[in-house]
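What follows is a short report on a single structure.
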Amino acid sequence: NIDGLRMDIRPGVNMGVDRGYWFADSNLSWRYTQYDLDGTAPGVENEPDRSLPTFDLKSGLRFERMDRTGLLQTLEPTLYYLYTPFERQNDIPIFDAGLPDFSVSELFSDNRFTGVDRIGDANQLTYALTSRVINPGTGKVLFRGTIGQIYYFRDPRVRLPGVPVNTQFNENHSDVLGEMDITLSEKWSNHYSVQWDLEEERYNRGSVHFRYRPRENSVLNLAYRFRRDVLEQTDISAIWPLSSRWSMVGRWNYSLAARQNVESLAGLEYNSCCWAARFAWRRFIVDNNEYNDAFYLQLELSGLARFGESIDRLINRDIVGFLP
């Protein structure tokens, strides 16, 4: 396998103005990445480098009004322009680059790839509209919704090996993305997201997530996720106190498309004033649709040390929204 050293620097300058009812923020940066590789094929450069500038400008308006119930409602149109010139990067191996989920946050990202090994070329404009409902007495956001799309002045060319470059756009624009967060009460919150293909007039992605959190050490999640031709899943997870010292944790991730379990998790925790013990069992799919079973046992002496597998990280990964 190829390994080696990588140096990555990104100095830049920023200039912005915010007048409350409108704002503009611009960034000009220069990114230089250099590699010193071992194990490259004969004839392949073992010290490739890459130098790219990036410019982006984000600007928008903020409209506000009070509704009849005394809540503050906003309307926030936003434009985001991004420019990065094209540079061929086929001589750079992939260590940590990837394609993130195409979500509303990616509408305002300055690189369509994660990691450092690929910097996407761009000449594009994002237009989006956000609305929020805020309790002016507490500042709590009761509703937040965003809808937006990217227009490409030039087709992107940089891609990952084996991945088509046009996986996120059709013709000269991306799919329409929408997200909505609703806080029904201090205990209940909902999240919805959708990706709509204007050309085919169909949903390419969607999710629904309900969360019930009556207190900090308890949470129940119910979720549904859909990606066309990739997955359709339900996901139920919870961590719940059974008594003053006992708590349970569980997760059931099921594939409706494949009609099989993707991941199952069950565990118990005993916590006293001086020590805690945790046990968990996890079954998950690996290659060739085969299952792996894992057992975790952890003993913690309060204020001293922990022994065994770290179940805390497993819980934080699987139980979304848990606050210990």
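Quick note: numbers below take in every heavy atom, side chains included, and nothing from hydrogens, waters or symmetry partners.
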Query - Residues S29 and T54: side-chain donor-acceptor under 3.5 angstrom - result: no

Query raised in the report: Does T33 have any side chain to side chain contact (heavy atoms under 4.5 Å, CB included) partners at least two apart in sequence or in another chain, and if so, which?
Result: R6, D8, R31, Y35, R50, V116

Requested in this report: With sequence neighbours excluded, tell me which residues meet salt bridge (charged side-chain N to carboxylate O under 4.0 Å, His left out) with D181.
Outcome: none

Query raised in the report: With distance as the sole criterion, is a donor-acceptor pair present between the side chains of E199 and H173 under 3.5 Å?
Result: yes

Query raised in the report: Can you find a side-chain donor-acceptor pair between W30 and S51 that sits under 3.5 Å?
Result: yes

Query raised in the report: Between Q124 (side chain) and Y81 (backbone), is there a donor-acceptor pair under 3.5 Å?
Result: no

Query - Over all atoms of both residues, closest heavy-atom pair of L299 and A277 - result: CD1-CB, 4.5 Å

Query raised in the report: Does L72 belong to the same Ile/Leu/Val/Met/Phe/Trp/Tyr cluster as V141, with side-chain heavy atoms less than 4.5 Å apart forming each link?
Result: yes

Report task. Please step through side chain to side chain contact (heavy atoms under 4.5 Å, CB included) for the pair D101 and R205, ending with a clear verdict. Result -> CA-CA 10 Å; D101 284 343; R205 182 177 301 190; 3.5 Å; yes

**Report entry** E64 side, atom CD; I134 side, atom CD1 - distance, nearest 0.5 Å
**Finding:** 7.0 Å

Requested in this report: State whether a side-chain donor-acceptor pair under 3.5 Å links D38 with N46.
Outcome: no

**Report entry** Any side-chain heavy-atom pair of N253 and Q233 under 4.5 Å
**Finding:** yes

Query - Presence of salt bridge, E263 and R251, under 4.0 angstrom - result: yes

**Report entry** Hphob cluster co-occupancy, F86 + L160, side-chain heavy atoms under 4.5 angstrom
**Finding:** yes

Report task. Using the ring pair (Phe, Tyr, Trp, His ring centres under 6.0 Å) rule, collect all pairs that involve residues 183-208, keeping only residues at least two apart or in two chains. Result -> W188-Y212, W196-Y203

**Report entry** E47 backbone acceptor or donor facing E45 side chain under 3.5 Å
**Finding:** yes

Report task. Provide the closest heavy-atom pair for G16 versus D25 in the form atom of the first, atom of the second, distance. Result -> CA-OD1, 3.9 Å

**Report entry** side chain to side chain contact (heavy atoms under 4.5 Å, CB included) involving V230 - partner list, sequence neighbours excluded
**Finding:** R227

Query raised in the report: Who passes side chain to side chain contact (heavy atoms under 4.5 Å, CB included) against Y270, sequence neighbours left out?
Result: R245, W246, S272, W275

**Report entry** Audit row: D49, Y32, side chain to side chain donor-acceptor pair (under 3.5 Å) steps and yes/no
**Finding:** CA-CA 7 Å; D49 64 351; Y32 179 75; 3.2 Å; yes

Query raised in the report: What distance do L184 atom CG and S189 atom OG have between them, rounded to the nearest 0.5 Å?
Result: 8.0 Å

Query raised in the report: Got L231 and F226 here, is their nearest side-chain heavy-atom distance under 4.5 Å?
Result: no

Query raised in the report: Closest heavy-atom contact between P48 and I92?
Result: CB-CG1, 4.4 Å

Query raised in the report: Does D293 come within less than 4.0 Å of R282, counting only side-chain N to carboxylate O?
Result: no

Requested in this report: Answer with yes or no whether the hydrophobic clustering places Y224 together with L222; edges join I, L, V, M, F, W, Y residues whose side-chain heavy atoms lie under 4.5 Å apart.
Outcome: yes

Query raised in the report: Are F95 and I119 linked, directly or through other ILVMFWY residues, by side chains that come within less than 4.5 angstrom of each other?
Result: no

**Report entry** D197 side-chain N/O to R202 backbone N/O, donor-acceptor pair under 3.5 Å
**Finding:** no

Query raised in the report: Heavy-atom distance under 4.5 Å between the side chains of R278 and E300, does that happen here?
Result: yes

**Report entry** Q149/Y151 under side chain to side chain contact (heavy atoms under 4.5 Å, CB included): CA gap, chis, key distance, verdict
**Finding:** CA-CA 7 Å; Q149 187 182 34; Y151 180 84; over 6 Å; no

Query raised in the report: Can you tell me if S193 uses its side chain to pair, donor with acceptor, with the backbone of E179 under 3.5 Å?
Result: no

Report task. Decide whether T69 and D67 meet the rule of one side-chain donor and one side-chain acceptor closer than 3.5 Å. Result -> yes

Report task. Determine the minimum heavy-atom distance between L265 and A280, stating which atoms define it. Result -> CD1-CB, 4.3 Å

Query raised in the report: Hey, is the main chain of T74 close enough, under 3.5 Å, to the side chain of S131 for a donor-acceptor pair?
Result: yes

Query raised in the report: I182 and V208: same hydrophobic cluster, using ILVMFWY side-chain contacts below 4.5 Å?
Result: yes

Query raised in the report: Do Y80 and D110 come within less than 4.5 Å of each other through their side chains, counting heavy atoms only?
Result: yes

Query raised in the report: Quick check: does any side chain N or O of R112 sit under 3.5 Å from a backbone N or O of P156, one acting as donor and the other as acceptor?
Result: no

Requested in this report: Kindly give the heavy-atom pair with the smallest separation between T84 and R154, and that separation in Å.
Outcome: O-NH2, 3.4 Å

Query - Non-hydrogen atoms of P85 and L52 that approach each other most closely - result: O-CD2, 3.5 Å

Query raised in the report: Does the side chain of L268 reach to within under 4.5 Å of the side chain of S247, using non-hydrogen atoms?
Result: no

Query raised in the report: So does M66 have more than 12 non-hydrogen atoms from other groups sitting under 6.0 Å from CE?
Result: yes

Report task. Take E269 and L242 through the test side chain to side chain contact (heavy atoms under 4.5 Å, CB included) and record every step on the way to the result. Result -> CA-CA 10 Å; E269 177 188 70; L242 301 176; over 6 Å; no

**Report entry** Point-to-point distance, once rounded to the nearest 0.5 Å, from CG of L37 to CG of D3
**Finding:** 8.0 Å

**Report entry** Sub-4.5 Å side-chain heavy-atom contact between D96 and R118
**Finding:** no

Report task. Mind checking the CZ-CG spacing from R159 to L99? Nearest 0.5 Å is all I need. Result -> 11.5 Å

Query raised in the report: How many angstroms lie between CG in L82 and OG in S109, if you round to the nearest 0.5 Å?
Result: 8.0 Å

**Report entry** Spacing of CG belonging to D56 relative to OG belonging to S26, to within rounding of 0.5 Å
**Finding:** 8.0 Å

Requested in this report: Quickly, which of W252, Y254, Y291 forms a side-chain hydrogen bond (donor to acceptor under 3.5 Å, both in side chains) with N261? Name it, please.
Outcome: W252

Report task. Kindly indicate whether the side chain of F279, heavy atoms from C-beta on, has any atom under 4.5 Å from the side chain of Y296. Result -> no

Requested in this report: Compare all side-chain heavy atoms of W22 with those of V17 and state whether any distance is below 4.5 angstrom.
Outcome: yes

Report task. Would you please name every residue forming a side chain to side chain contact (heavy atoms under 4.5 Å, CB included) with K140, sequence neighbours left out? Result -> T138, L142, T183, E186

Report task. Please step through side chain to side chain contact (heavy atoms under 4.5 Å, CB included) for the pair I236 and N221, ending with a clear verdict. Result -> CA-CA 6 Å; I236 303 172; N221 296 295; over 6 Å; no

Report task. Keeping the roles fixed (side chain from T114, backbone from G98), state whether a donor-acceptor pair exists under 3.5 Å. Result -> yes

Query raised in the report: Are K58 and F108 in a cation-pi contact, defined as NZ or CZ under 6.0 Å from the six-membered ring centre and within 45° of the axis?
Result: yes

Query - Any side-chain donor near an acceptor of the partner, D175 and Q195, under 3.5 Å - result: yes

